[in-house]
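Per chain, numbering begins at 1; letters A, B, ... match sequence-line order.
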Amino acid sequence: MIAAAVLLWMIFAIWPDWLVDAIGRKKIFLNALFNGITLGGLYFLVASGFTLIFGLMRNVNLAHGSLYLLGGYIGYFVADVTGYWLLAFPVAFVVVGLLGILMQVFVFQKMEGEDLRQTLVTIGISIVMADLMLWGFGGDFFNISPPQWLSGPLTTFFVTGAKSSGELVYLKYPIVRIVIFIASVIIGLGMWMLLNRTRIGMLIRAGVDDRDMLSATGARIQLVFIGVFAFGAGLAGVAGVVGGTFQSVAPGEDIRFLLASLVVVIVGGMGSIPGAAIGALVIGLAEQLGSVYFPTYAVVLTFLIMVVVLAFRPQGLLGRA
Amino acid sequence: MALIEETEAGEADDRKVGWAERVPVQYWVVIILLLIMPAFASDFTLFQIFGWSFILGMIALSLMFLAGYGGMVSLVQMTIAGLAGYMIAIFGDSAITDISQGWPWYVSIPIALIIAMLFGSLVGWLSVRTEGIYTIMITLAIASAFFYFARQNYVVFNGFSGFNGVLPPMLFGVDWRGSQAFYYLTLFWACLSYLVVLYLSRSPFGLALQGVRDNPRRMAALGFNVNAHRVAAYAFAALIAGIGGILLTWQSAQISPGTAGVGPVIDILIIAVIGGLRHPIGPFIGAFIYVVLKTFSVDFLTALGLGGERFQLLIGISFLVIVFWSPDGILGLWEKWRRSRGKDPLRDAGESKL
């Protein structure tokens, strides 16, 4: 409670001089905080598909980062050619989702129940995909530029300080990040509703608990598998477009986001969507605040969080033992 | 190479026969061939192909030990090797004199290996808390955390550029980086670790570890401390990986974050899987194939009409092919072939699919 109160105070109050002396200006803190939260939104988009696939099929899809990167490239070219940024999302979702269906039908169905072999295959696929993408798109950085109405900063109601004249200074924050964060919250809530309030969600939850029993009741589990894999892969593709708008699309991003989703689901709990949300938020914040306040050890902070969670709650914060 | 399983059965009878005669003749051929290799192989072959194969083979062997006997696929072995390499650069000599302590080899090498083993045990302790497939995820995350940390830390790890000028000590007046000396050095350690793994796999510890792999619950019920066995396996594997890492650092005379990056970490897994996780010889076969592919891929790919830089594609596809058709790697193919040769085509028709 006290920590939450302190945090609220730090967000809303005008910082006294001693605090500014101690940890720097409030603007920097607020920017890092919001960057962390929005980065968490992006991590959630990537990791939720990963954790959904893992939870249902016990398949550690180490090609998930490659799907993310592919989505980013597709999004870049669609947005570049058509000029419609919004069009990039459905196209990336559908194309990467279709690739996910192909992978599920032609690869994973053939080796069902062999966890290790499936994981090894996904490693192979990610190596091949990474090299094919390097071949096809080159080693350049691509930036997906958001449309006019989303570019530029938005003046928020968060006070960063006061001028000497007593006039309050408000934080300016890129509007596209805010929109994307809201969108990822909506997607997260939508997934939660789908899983907990619909028949399909019931099937998926039953499959997570006991897939043999589910298929014995006559549910067509292979279709559920294909659907979930397509959806998870498609989400990775959408996240690729988001990531390309936030940051950039380039070789190597696949591994970065694969690792981010690994850490997120290890911290949050494997197979749990709310866990992925919490894990993504924690890791996003740790990364951004860490890179501002102790730049050389930012990675270690992320890693330490993972180690501490593993040491005290091996199944993750919201995972089931 | 897999013949060793056959000789076991007859072992009880020929106790009186000298040990030299109990080793099958194929083994002698391989041993003698490896020993006299420097007489006809070029310096490049000795140093770059065989030396590198032995080193990568050792690191992959440590993975094979964990995965094959312990059922734990740890992707952290290359990181442990890298850590040992870093330690030898930090405590021993390197061109970065600000950081390197310059301690003599008989201090720096044990310290490097002990730190590697401690790190391996720590990783083991963390990852044995979860099971099976989670091990891959956790060890991959740890491995990449090490990579990013070493790249960012300039105080101890000297950041992006790492250390160069890390040379083996001039022991007995021999330059151990000379191609022949280095060949024998790596051959010695590779053989030693191979034999130790082979011995350990049949020792009570190794058998208990294999029991833990097959049924941890039953082993716990029998009174074995399951987690202690697993962590001990991690520590032992870290020792082998650490020796491999020191040799690797000496071979390239440098260590940098890229040595233990995500790519090399995955490469070690690929080597072990291509060779086969069933028997300790597998990783060495895999390493040899990998090194040959990597060294000659440019010529091979150009011959195929592709650019020479498509090595990753080549290795990725070969890996996929192996995982798809022979999960036990080259060794699995070899055994399949042997079985199909000794089979009666009329009676054993149904059993071919194994």
Is chain A contacted by the side chain of [X], its backbone, both, or neither, given a heavy-atom distance below 4.5 Å?
X      : value
B:I317 : both
B:L122 : neither
B:V273 : side chain
B:L140 : both
B:L269 : side chain

At a heavy-atom separation under 4.5 Å, does [X] approach chain B through its side chain, its backbone, both, or neither?
X      : answer
A:M129 : neither
A:I125 : both
A:V263 : side chain
A:L120 : both
A:V307 : both

Would you find more than 12 non-hydrogen atoms of other residues, nucleotides or ligands less than 6.0 Å from A:R256 atom CZ? yes
Test A:F229 against A:I101 for side-chain contact (heavy atoms from CB on, under 4.5 Å), laying out the working first. CA-CA 7 Å; A:F229 207 102; A:I101 292 180; over 6 Å; no
Do the ring planes of A:F137 and A:Y73 sit parallel (below 30°), tilted (30 to 60°) or perpendicular (above 60°)?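 Rings of A:F137 and A:Y73: parallel, as their planes differ by under 30°.
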Taking the six-membered ring for Trp, are A:F257 and A:Y68 parallel (under 30°), tilted (30 to 60°) or perpendicular (over 60°)?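 Ring orientation of A:F257 relative to A:Y68: parallel.
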Using only heavy-atom distances, determine whether the side chains of B:S127 and B:Y234 contain a donor-acceptor pair under 3.5 Å. yes
Taking the six-membered ring for Trp, are A:F108 and A:F225 closer than 6.0 Å centroid to centroid?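 Centroid separation for A:F108 and A:F225: 6.0 Å or greater.
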Side chains of A:L42 and A:T38: does their closest heavy-atom pair fall under 4.5 Å?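 No - every pair of side-chain heavy atoms lies 4.5 Å or more apart.
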